[in-house]
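Note that the coordinates shown come from a computational prediction; the quantities given were computed from them, not determined experimentally. Naming convention: chains lettered A, B, ... in sequence-line order (proteins, then strands); numbering from 1 in each chain.
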Amino acid sequence: MAKMTMVQALNLAMQQEMEKDDRVIIMGEDVAVDGGVFRVTDKLITQFGEERVIDTPLAESGIIGTAIGMAAYGLHPILEIQFSGFSYYIFHQLEAHASRLRHRSRGRFHVPLVVRAPYGGGVRALEHHSESREIYYAHTPGVKMVIPSGPRNARALLISAIRDPDPVVFFEPKALYRAFREEVPEEEEVMEIGVPQKVREGSDVTIISYGAMMPVTLEAVEELQESDQVDAEVFDLLTISPFDDTAIAESVQKTGRAVIVHEAPRSFGPAAEIIARLIEKSFYYLEAPIERVTGYDIVYPLFARENAYMPDVERVKQAVRKTLAV
Amino acid sequence: MPRKEIELPYRTEYLSILDEKGNVDAELEPSLSDELLLKLHRAMLSGRRFDERMLNLQRQGRIGTFPPIKGQEASQLGAVATLEKEDWMTVAFRETLAEIWRGKPMESFILYYGGFDEGSLVQEGRNDFPISIAVGSQMLHAVGIGMAMKYRKHPQVAMTFFGDGATSEGDFHEALNFAGVFQAPVIFICQNNQWAISIPRAKQTNALTLAQKALAHGMPGIQVDGNDILAVYTAAKEAVDRARSGGGPTLIECYTYRLSLHTTADDPTKYRNEEEVKKWEAKDPISRFQVYLSNKSLLTDEGIAALEEEIATEIQTVVDLAEKQMKNPDPVEMFDHIFAEMPPSLKLQKDEVIRNLSLAKKEANNG
Ligand SMILES: Cc1ncc(C[n+]2csc(CCOP(=O)(O)OP(=O)(O)O)c2C)c(N)n1
Ligand SMILES: [Mg+2]
């Protein structure tokens, strides 16, 4: 086992899959010679050459459109979109074709591609470099929307995404790219897409989060344990869509309380769907209204104000206390 | 005859007037007033020094990521210098000097790259769009502006800036096509600085030039030495005059070079060799223009030295002014300018932020 950052773990996932499977190729802007602007594809060109690690012209629609053709032809392309804020150029091809070709060809074709893109704020970046708009993809039938939260699950989920027979949009929390290291086993490890993971046992309240909000959530939980003796159960969603709600619904049936944390804007955000599912499955067990801690329904501010936008430990604690006060 | 060459109505030209040593082609030399020539020189020099200062501020952590313009001064300035105040402009993000010439206050850039949305304020009376970071997206806006000008029978034109990388986006081709079909008064200025982050121009398109892309859309296209302000000015002036008099759009490829980093987050040593940069440093747009001006007895070494001092003072004033405005932003202002009227649901979110801030303040006071 080696201690790795998320960047290194993602790189390892691609490197190992490419070694094993010559259908896997990488396409994107600055992914080959430069190794990606965050270095996630660093040195892969050295091992696999420019036939498999492809620097494309600057055209996101071109990248995904051609990848759909390649995927239908039998390849497994991994696309890097430099920032999720520029992924809207792929949206038409993803919605109109990648997500529908299986259905439209009545099962004759399928589109096993992965769109990797860094998402999320907190890195003092320029406009379009901080948003958290996973819901656009989560709301697209036929597309899987995955967001890891640490080096180990990032590596395992990316391998699963590459092997998945359907299109997967894989958002990488750029704030966590190099935030911490984790043991990542050398041997292959996969993780099932669509299943939230319980990361902490507890009995007082269920907290559900994902991506770059996981460390914030867990810090708040530790502090609340210390200060208020709150014993929280925490889930890492990992897959935004489609996800199996069995475990979180059962957890809320046990705790009677729930808080959801995400940096995406509030209205119609992932929390709205999670709350709806909890209402459907666990309504009679609820002891208090469900709370959500989210970004706001505004244009993501430039960095002088981004701390006020991003959910932080204080806001999570406040929400947990509120639901426990009922 | 079933097979013959098709005569296209336009051909692609290349234009250079002032070579890298400062020699001028007297036949092609535009007749610009001394006053304008000196004004252009001052602007270029000031643009260069401001860029250097911004890089400094970034390295000191006083602003965030920003894209330097070093080397592209002539290819921006030569183009915008042909516009009237009432004309419109849409830019990408590396047109700092073009924007300054058009009246955007220098302190705006420090504010903006310092993380303050206030920095992208478009002051009353200015007709230029704020920067567009999503590559390739702003050209269509200029075409729409041009179409509206035509509809209103206004004598204005729209100029749009974009990089070599941007010519790969579908939006670029759609913009040229609309402009051609509707004969919009638009001037497309491509800043071909040879790189799109790590991707060299040759990997962006298999075409020999970017200028030739105009031909497919039924408009003239010209490639100019982008480090030669006289050439850029001449080509832009022709295009602006043509557009203004109802002659439709033009594509101008300014062949220049990004002497500095893509942005301050970039490390070009990873993908390009220093030799190439050295080669282009010798083609600097400012030094050759200085030779030209001193040959015309418009500029002396002492004159340049005095100007440098003036510019340094001016930039210092701008930095001070910006940094004064950058203290203690009110976070609640992030809710401004989302809609004409704030919907009730958003008002609730704003109130939540106000509440949290005053809670935090109370706690800070108690602690
Ligand atoms: C749609 C989109 N894709 C990717 C990016 C990331 N990006 C920013 S600048 C850039 C290269 C732009 O190259 P070019 O058009 O030549 O302009 P230059 O940076 O050289 O001025 C890229 C890929 C972006 N801003 N927008
Ligand atoms: Mg460029």
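Contact annotation for A:Glu127: both backbone and side-chain heavy atoms come within less than 4.5 Å of a heavy atom of chain B. A:Glu306 does not touch chain B: none of its heavy atoms, backbone or side chain, sits under 4.5 Å away. Only the side chain of A:Val37 comes within less than 4.5 Å of a heavy atom of chain B; its backbone N, CA, C and O stay farther away. Within the 4.5 angstrom heavy-atom criterion, only side-chain atoms of B:Ile338, from C-beta onward, approach chain A. Neither the backbone nor the side chain of B:Ala360 comes within contact range of chain A; no heavy atoms are under 4.5 Å apart. With a 4.5 angstrom heavy-atom cutoff, B:Leu357 does not touch chain A via any of its atoms. Using a 4.5 Å cut-off between heavy atoms, A:Phe86 contacts chain B through its side chain alone, with no backbone atom that close. Only the side chain of B:Leu346 comes within less than 4.5 Å of a heavy atom of chain A; its backbone N, CA, C and O stay farther away. Using a 4.5 Å cut-off between heavy atoms, A:Tyr88 makes no contact with chain B at all. There is no contact between B:Phe66 and chain A, counting heavy-atom distances below 4.5 Å. There is no contact between B:Asp164 and chain A, counting heavy-atom distances below 4.5 Å. Both the backbone and the side chain of B:Tyr113 come within less than 4.5 Å of a heavy atom in chain A. Neither the backbone nor the side chain of B:Leu111 comes within contact range of chain A; no heavy atom of the residue lies under 4.5 Å from a heavy atom of that chain. For B:Ser137, the parts sitting under 4.5 Å from any heavy atom of chain A are the backbone and the side chain alike.
Contacts with chain B were tallied for A:Glu29, A:Glu60, A:Glu314; A:Glu60 has the most, counting heavy-atom pairs under 4.5 Å. Per-residue heavy-atom pair counts under 4.5 Å with chain A were compared for B:Lys350, B:Met334, B:His337, B:Lys203, and the maximum is reached by B:Met334. Each of B:Ser345, B:Gly136, B:Gly115 has some count of heavy-atom pairs under 4.5 Å with chain A, and the biggest count is that of B:Gly115. Taking chain A as the reference chain and counting heavy-atom pairs below 4.5 Å, the highest number among B:Thr65, B:Thr263, B:Asp117 is found for B:Asp117. Annotation: maximal heavy-atom pairing with chain B below 4.5 Å, among A:Phe83, A:Tyr89, A:Tyr309, occurs at A:Tyr89. Of the listed residues (A:Thr56, A:Val33, A:Thr294, A:Asn307), the greatest number of heavy-atom pairs within a distance under 4.5 Å of chain B belongs to A:Val33. Of the listed residues B:Asp330, B:Thr205, B:Val332, the one with more heavy-atom pairs under 4.5 angstrom with chain A than any other is B:Asp330. By number of non-hydrogen pairs under 4.5 angstrom with chain B, the leading residue of A:Ala125, A:Pro301, A:Gly35, A:Gly62 is A:Pro301.
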task: Run the numbers on B:Thr209 and B:Gln212 for side chain to side chain donor-acceptor pair (under 3.5 Å), then give the verdict.
output: CA-CA 6 Å; B:Thr209 69; B:Gln212 77 199 58; 2.8 Å; yes
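Heavy-atom neighbours of A:Lys322 NZ from other residues, nucleotides or ligands within 6.0 Å: at or below the threshold of 12. When the shell of 6.0 Å around OH of A:Tyr296 is examined, it contains more than 12 heavy atoms from other residues, nucleotides or ligands. Around the CD atom of A:Glu226, the shell of radius 6.0 Å holds no more than 12 heavy atoms that belong to other residues, nucleotides or ligands.
Side-chain atoms of B:Gln72 and B:Thr256 include no donor-acceptor pair closer than 3.5 Å. Side chains of B:Gln223 and B:Asn192: a donor-acceptor N/O pair is absent below 3.5 angstrom, by distance only. In this structure, a donor-acceptor pair under 3.5 Å is present between the side chains of A:Asp30 and A:Gln82. A donor atom on one side chain and an acceptor atom on the other are found under 3.5 Å apart for A:Gln47 and A:Gln15. Using a 3.5 Å distance cut-off with no hydrogens or angles, the side chains of B:Gln204 and B:Ser168 do pair a donor with an acceptor. One side chain, A:Tyr137 or A:Ser87, offers a donor N or O that lies under 3.5 Å from an acceptor on the other.
Here A:Phe48 contributes atom CZ and A:Ile54 contributes atom CD1; the two are 13.5 Å apart, rounded to the nearest 0.5 Å.
In plain terms, the two heavy atoms of A:Glu263 and A:Met213 that are nearest each other are N-CG, 3.7 Å. The shortest non-hydrogen separation linking B:Pro200 to B:Ser198 is CD-O, 3.4 Å.
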